[in-house]
Amino acid sequence: QITERIIVLFVVINSQEEVQGKYVVCVLFFLWNLLDVVRYTYNMLARMGIYYLPLTWLNFSLCIPLYPLSVLAKAFAICVSLPYFESFGTYSIKLPFPFAFSIYFPYVLKMYLLVLFIGMCFIIQNLFSERKTHLGTGSIKKKRS
């Protein structure tokens with residue numbers, strides 16, 4: 001997660017001034033901060049042995065819809081930045097003769113998008129299993145009288 005944020009923040013957003021003023025950057029920062037405030041508050045209290053049920057529910061439930069939204073915001077920020085990387089050639093490298101190899105950075109970002117969405121599927125499955133472990137299935141069994 002830290003690597004994802006470093007790549008998106010410093011490589012994609014910070015390197016292209018045109019992308020920094022887009023609304024998707026504000027949305028992305030808002031989603032990241034909202035997730036972190038809930039997660040770090042829950043983890044801090046859990047380390048001290050304090051389990052507040054609404055915060056526990058919020059920690060394990062809020063991340064399920066917000067994490068895919070943050071991935072979509074990351075993907076949109078990358079898609080918005082692609083034309084700038086293509087026109088300016090930022091981070092694209094052509095290696096000298098013995099290798100005769102070039103790295104076109106927009107292709108690297110497109111492959112990163114694919115990995116980002118594949119990783120999101122695994123993380124969502126993990127989030128659902130953690131939610132089930134900590135909160136149960138959520139179904140209420142009826143008592144027979």
Check your understanding: Is the shortest heavy-atom distance from the side chain of Leu9 to the side chain of Asn14 under 4.5 Å?
Key -> no
Review point. Of the non-hydrogen atoms in Val19 and Ala77, which two are nearest, and what is the gap between them?
Key: CG1-O, 4.3 Å
Check your understanding: Is Ile123 reachable from Val115 through a run of I, L, V, M, F, W or Y residues, each pair having side-chain heavy atoms under 4.5 Å apart?
Key -> no
Practice item. Quick one: pull up NZ in Lys132 and CG in Leu127 and give me the separation to the nearest 0.5 Å. Key: 15.0 Å
**Study point:** Test item: Thr90 and Tyr84 side chains (from C-beta on) under 4.5 Å apart, heavy atoms
**Key:** no
Revision key, fill the gap. Here the pair of heavy atoms bringing Ile64 nearest to Pro68 is O-CD, 2.9 Å
Point to revise | Residue pair Phe60 / Tyr42, side-chain heavy-atom distance below 4.5 Å | key: yes
Exercise for review: Might you work through the side-chain contact (heavy atoms from CB on, under 4.5 Å) test for Glu4 and Leu116, ending with a clear yes or no?
Suggested key: CA-CA 9 Å; Glu4 279 182 37; Leu116 189 67; 3.7 Å; yes
Study note, to complete from the structure: Here the gap from Lys94 atom NZ to Ile103 atom CD1, rounded to the nearest 0.5 Å, amounts to 12.5 Å
Revision key, fill the gap. In this structure, OH of Tyr112 is separated from NZ of Lys74 (nearest 0.5 Å) by 5.5 Å
Point to revise | Closest contact, heavy atoms only, Pro106 versus Glu86 | key: CG-CG, 3.5 Å
Point to revise | 4.5 Å side-chain heavy-atom contact, Glu130 and Asn126 | key: yes
Revision key, fill the gap. In this structure, CZ of Arg39 is separated from CG of Leu62 (nearest 0.5 Å) by 11.5 Å
Check your understanding: Ser70 side chain to Trp32 main-chain N or O, any donor-acceptor pair under 3.5 Å?
Key -> no
Point to revise | CG on Leu31 to OH on Tyr67, rounded to 0.5 Å | key: 12.0 Å
Practice item. Kindly compute the distance separating CG (Asn59) from OG1 (Thr41), expressed to the nearest 0.5 Å. Key: 9.0 Å
Check your understanding: Do the non-hydrogen side-chain atoms of Ser15 and Phe10 ever get within less than 4.5 Å of each other?
Key -> no
Review point. Does atom CZ of Phe29 have more than 12 heavy-atom neighbours from other groups under 6.0 Å away?
Key: yes
Practice item. With sequence neighbours left out, write down each residue that passes side chain to side chain donor-acceptor pair (under 3.5 Å) with Ser61, or none if nothing qualifies. Key: Trp57, Arg131
Exercise for review: May I ask you to test the Leu82-Lys110 pair for a side-chain heavy-atom distance under 4.5 Å?
Suggested key: yes
Review point. Quick one: which of Leu34, Val27, Leu28 gives a side chain to side chain contact (heavy atoms under 4.5 Å, CB included) with Phe30?
Key: Leu34
**Study point:** Residues clustered with Tyr107, ILVMFWY side-chain links under 4.5 angstrom
**Key:** Tyr104
Practice item. Measure the shortest side-chain to side-chain distance between Leu66 and Val38 over non-hydrogen atoms and say whether it is less than 4.5 angstrom. Key: no
Study note, to complete from the structure: In short, Cys79 meets Leu113 closest at the heavy-atom pair SG-CD1, 4.0 Å
Check your understanding: Are any of the side-chain heavy atoms of His134 and Tyr51 separated by less than 4.5 Å?
Key -> no
Exercise for review: Kindly give the heavy-atom pair with the smallest separation between Val11 and Tyr91, and that separation in Å.
Suggested key: O-CE1, 3.7 Å
Exercise for review: May I ask whether Val37 and Leu45 are part of the same hydrophobic cluster, defined by side-chain heavy atoms of I, L, V, M, F, W, Y residues being less than 4.5 angstrom apart, directly or through others?
Suggested key: no
